[in-house]
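This report concerns only the one structure given below.
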Amino acid sequence: MEKFVISPDDCLILKAFKDSKSLREAAVRLGCDPAGLARRVQVISSTYGFLQKVNNRWQVTARGLDLVAWTEVSILTQKKIFSAKSSLRIATTMWFSEQVLVPNLSVLSKHLTGKTSFTLSVPSQKFEMSLLDGSVDFVLVCHPPENPEIEHKQVATEKWVIICPASWRSGIHHKNEKNIDELKLRPFIRHQDINQDIFLPK
């Protein structure tokens, strides 16, 4: 693994000297012992040439100032990263979005503790493709994925209904598996969000 040529702590020392008028003031900024800081400054100066003594006072060299500028940008970048919100992209069906997710957005926001923004979408392509190509982070659907590369977990028991012509309803007295088998309605078992007009037109 690649490492910094000069440690981040040494970069902060250079920044402290740029912002201070003396070694003692730099030590106060860094919250360290002036004697220990003086020893470290000697190493930075002799090894890298980022500090030099001018009129018995340590000053940051031109190369050192370039490193200080990088350090200041790095500090600001870290602050932006810590203050930024993460993003969660959720894909699901239009029905699930309207019936479950949208009515519970406040609960979802509470669980995300305000540090994560989220988007809901209904992909134009297959859900599995959206996961595999990285265009979404999570998919909420009513069936497990077929692709073995996708890990999945069932978080709720699926609800099923029987869709059949009105003339058949009198024969169904109990909603259990035995009655369904007896009536041989297996081909007519579909998920509850099926469009009945398409499945059984008129």
Side-chain angles (χ1 to χ4, degrees), residues 1-92 97 101 104-140 145 147-153 155:
M1 182 181 72
E2 289 188 273
K3 297 181 179 180
F4 288 108
V5 176
I6 182 170
S7 75
D9 287 340
D10 288 347
C11 291
L12 291 176
I13 289 174
L14 293 175
K15 176 171 167 49
F17 272 90
K18 178 217 168 198
D19 299 335
S20 306
K21 295 180 180 179
S22 65
L23 186 144
R24 186 170 296 277
E25 184 181 340
V28 171
R29 285 181 182 274
L30 294 166
C32 65
D33 175 57
L37 178 60
R39 290 191 293 272
R40 187 62 205 162
V41 165
Q42 290 281 0
V43 174
I44 294 173
S45 175
S46 60
T47 305
Y48 304 107
F50 292 137
L51 285 162
Q52 63 183 4
K53 255 190 176 178
V54 178
N55 297 327
N56 207 33
R57 176 176 172 268
W58 286 107
Q59 289 185 350
V60 184
T61 63
R63 290 180 65 211
L65 288 174
D66 288 340
L67 196 57
V68 168
W70 174 87
T71 303
E72 291 171 339
V73 170
S74 298
I75 291 172
L76 288 174
T77 302
Q78 281 195 13
K79 288 180 178 179
K80 287 181 180 179
I81 291 172
F82 278 104
S83 62
K85 287 186 175 183
S86 59
S87 176
L88 182 63
R89 301 165 300 170
I90 303 174
T92 187
S97 178
L101 292 181
N104 290 282
L105 287 182
S106 59
V107 178
L108 181 58
S109 298
K110 183 179 179 181
H111 283 291
L112 295 176
T113 65
K115 294 183 179 179
T116 303
S117 62
F118 55 90
T119 57
L120 302 178
S121 65
V122 179
S124 57
Q125 59 183 345
K126 290 184 177 180
F127 287 110
E128 295 195 17
M129 289 302 301
S130 298
L131 276 174
L132 293 172
D133 67 17
S135 57
V136 299
D137 302 306
F138 285 94
V139 168
L140 298 173
N147 193 308
E149 295 182 25
I150 301 175
E151 294 184 5
H152 66 279
K153 181 178 181 180
V155 295

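The first residue of the sequence shown is numbered 1, and numbering continues consecutively from there.
Closest approach of Cys32 to Leu37, counting heavy atoms only: SG-CB, 3.9 Å.
Within the structure, the ring-ring contact (aromatic ring centres under 6.0 Å, His included) test picks out no pair touching residues 20-47 (sequence neighbours left out). Applying the side chain to side chain donor-acceptor pair (under 3.5 Å) test to pairs two or more places apart or on separate chains, those with a residue in residues 64-74 are Lys15-Glu72, Lys18-Glu72. Residue pairs meeting the side chain to side chain donor-acceptor pair (under 3.5 Å) criterion with at least one member in residues 33-46, sequence neighbours excluded: Asp10-Arg40.
With rounding to the nearest 0.5 angstrom, the OG1 atom of Thr119 is 7.5 Å from the CG atom of Leu88. The CG atom of Leu101 sits 6.0 Å away from the CG atom of Leu140 when rounded to the nearest 0.5 Å. To the nearest 0.5 angstrom, Leu14 atom CG is 11.0 Å from Asp19 atom CG. Of the inter-residue distances, the one linking Leu51 atom CG with Ile13 atom CD1 reads 8.5 Å to the nearest 0.5 angstrom. Between the CD1 atom of Ile75 and the CG atom of Leu12 there is a distance of 5.5 Å, given to the nearest 0.5 Å. Note that the CZ atom of Phe118 and the CZ atom of Arg89 stand 15.0 Å from one another [nearest 0.5 Å].
The backbone N or O of Phe17 sits nowhere less than 3.5 Å from a side-chain atom of Arg29 that would complete a donor-acceptor pair. In this structure, the side chain of Glu128 engages the main chain of Asn147 through a donor-acceptor pair within 3.5 Å. Between the Asp133 side chain and the Ser135 main chain, a donor and an acceptor come within less than 3.5 Å of each other. The backbone N or O of Thr92 lies less than 3.5 Å from no partner atom in the side chain of Ser97, so there is not a single donor-acceptor pair. Side chain of Ser83 to backbone of Lys80: a donor-acceptor contact under 3.5 angstrom is found.
Every residue was checked against the side-chain hydrogen bond (donor to acceptor under 3.5 Å, both in side chains) condition with Asn56, not counting sequence neighbours, and none meets it. For Asp9, there are no salt bridge (charged side-chain N to carboxylate O under 4.0 Å, His left out) partners two or more places apart in sequence or in a different chain. Every residue meeting the side-chain contact (heavy atoms from CB on, under 4.5 Å) condition with Val54, not counting sequence neighbours, appears here in chain and number order: Gln52, Gln59.
Counted within 6.0 Å of NZ on Lys53, heavy atoms from surrounding residues, nucleotides or ligands total more than 12; the atom is thus considered enclosed. Within a 6.0 Å radius of CZ in Arg24, other residues, nucleotides and ligands contribute 12 heavy atoms or fewer.
No side-chain heavy atom of Phe127 sits under 4.5 Å from any side-chain heavy atom of Val136. For the pair Tyr48 and Thr61, the minimum side-chain heavy-atom distance is 4.5 Å or more.
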